[in-house]
There are 2 protein chains.
Amino acid sequence: MLFTGTHIHKLDRKGRVSVPKRFRAALDQEEFAGIYLYQSHKESALEGCSHSHMERIAASLDELDMFSDEADDLADTILGSSHMLPYDGEGRIILPAELIEFARIEDQVAFVGRGRTFRLWNPDIFKPLQEASRTRTLNRGATLKLKPMSELPKGARPGTADEEDAS
Amino acid sequence: MLFTGTHIHKLDRKGRVSVPKRFRAALDQEEFAGIYLYQSHKESALEGCSHSHMERIAASLDELDMFSDEADDLADTILGSSHMLPYDGEGRIILPAELIEFARIEDQVAFVGRGRTFRLWNPDIFKPLQEASRTRTLNRGATLKLKPMSELPKGARPGTADEEDAS
DNA sequence: TCAAATCCCATTGACCCCCATCATTTCCCA
DNA sequence: TGGGAAATGATGGGGGTCAATGGGATTTGA
């Protein structure tokens, strides 16, 4: 359950696009056969995630004070603007016109893995941004502090695939 | 069981409106075939929820001091003004005139998902408010701290669909 | 008895199922 | 190791189905 890599697919005349096989494989345990998309806050892109990730967002919002302004805003922005998109028989989704317009997508869609989530871009917009972000990372000499293997959920570690996650 | 997305439907001359298929699907386990609506105390909107969620609200009110002003007010506001609205054969409800007037609804109704609950709006009123929400969220740099997967109800996690929820 | 609610059926257009084709990759074996 | 066959994923498109809608007919209840 990990989204990796960049996959460019075609948007057809009916507004359909194939979800990359690798991404569908990452989701094959989900009860809902499809993906969720919503408009990114910061980028001209679409945020993508699984049903269970969306459940997690809803559960987290539930915990904020029911009447807090911040929870309200997040609910409107994420839950209210999200689209639940089931696959067709061939593993495609229909990209709603609203989202195509927001992300300025034309005839191609880039699926970009971000671990637990992913993003959809117009490839022509994403490419220069990716270059820029690579350059910044190199200049900064950024390093990532890895979590110890023992803190990962079982099933994410080799040789633990069939065990129950007791965490 | 998750309400997501914004669905705009027509209010017909008989005061009927179709409940979005996705919302009905989220409720198909409920004993009561319909929805509950009550006036929002913050917004010019209607709060919507399932029968079991209404039970949950009633149970929460029970826990407040029975004679406190707050419990009184909440009971009047929510339980006193709530409407139990059954579907007709086509999955529509009749919007009571009182609620139409309160939410200043005209010929269209926006069903806006908020996770465990949803809201009904006049789309012309909701749209600019949602834009404002998005802007505030961006400015605030708001990030949502996600609950750990292990604290979610079973059934909301992949691979647990058939298990009993022991929580 | 009248008004409102419910039932029933018709229409329509978007979506989904199905199949056919094409492009890659994988596999197998010489 | 190269070539060819088979499997699989991506793409294109036709047509049937169903959700959303509109309105008439029947029932209910005050």
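Every value quoted in this text rests on a predicted model; they were computed, and no experiment measured them. Throughout, protein chains are lettered first and strands after them, A, B, ... in sequence-line order, and every chain is numbered starting at 1.
A sub-4.0 Å separation between OP1 or OP2 of dA20(D) and a side-chain N or O of R24(B) is present. The side chain of K14(A) contributes no N or O atom lying less than 4.0 Å from OP1 or OP2 of dG14(D). Phosphate proximity of dG22(D) to K10(B): present, with a side-chain N or O under 4.0 Å from OP1 or OP2. The shortest distance between the side-chain N/O atoms of S18(A) and the OP1/OP2 oxygens of dT11(D) is below 4.0 Å.
Between the NZ atom of K21(A) and the C1' atom of dT24(C) there is a distance of 14 Å, rounded to whole Å. Atom CG of L95(B) is separated from atom P of dT21(D) by 13 Å (rounded to the nearest Å). In this structure, L11(A) places its CG atom 10 Å from P of dG12(D), rounding to the nearest Å. Put simply, CZ on R22(B) is 14 Å from C1' on dA20(D), counting in whole angstrom units. Rounding to whole angstrom units, OH of residue Y87(B) and P of dA20(D) are separated by 11 Å. Taking atom CG of D88(B) as the reference point, atom C1' of dG23(D) lies 13 Å away to the nearest angstrom. Remark: C1' of dA14(C) and NE2 of H7(B) are 15 Å apart, rounded to the nearest angstrom. Atom-to-atom, CD1 of I93(A) to P of dT11(D) comes out at 12 Å; the value is rounded to the nearest Å.
Contact annotation for D12(A): backbone-only contact, meaning every heavy-atom pair under 4.0 Å involves sugar-phosphate atoms and none involves a base. Among the atoms of the strands shown, only primed sugar atoms or phosphate atoms (P, OP1, OP2) are found under 4.0 Å from some heavy atom of V19(B). Nucleic acid contact class of R13(A) (heavy atoms, under 4.0 Å, all strands): sugar-phosphate only.
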- Derivation and outcome, salt bridge (charged side-chain N to carboxylate O under 4.0 Å, His left out), residues D69(A) and R136(B): CA-CA 10 Å; D69(A) 293 337; R136(B) 280 196 301 274; over 6 Å; no
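For the atom pair CD (E43(A)) and CZ (F126(A)), the distance works out to 9.5 Å, reported to the nearest 0.5 Å.
Nearest to the side-chain atoms of I94(A) among the listed nucleotides dA10(D), dC15(C), dT6(C) stands dC15(C). Of the candidates dT21(D), dC16(C), dG13(D), the closest approach to any side-chain atom of R16(A) belongs to dG13(D).
Checked by atom type and distance alone, the side chain of Q130(B) pairs as donor or acceptor with a backbone atom of D76(A) at under 3.5 Å. At least one donor-acceptor pair closer than 3.5 Å links the side chain of E30(A) to the backbone N or O of S52(A).
At a cut-off of 3.5 angstrom, the base of dG12(D) holds at least one donor-acceptor pair with the side chain of R92(A). A donor and an acceptor atom never sit less than 3.5 Å apart when one is taken from the side chain of E90(A) and the other from the base of dC17(C).
Note on ring orientation: taking the six-membered ring where Trp is involved, the planes of F3(A) and F118(A) are perpendicular (angle over 60°, cut-offs 30° and 60°).
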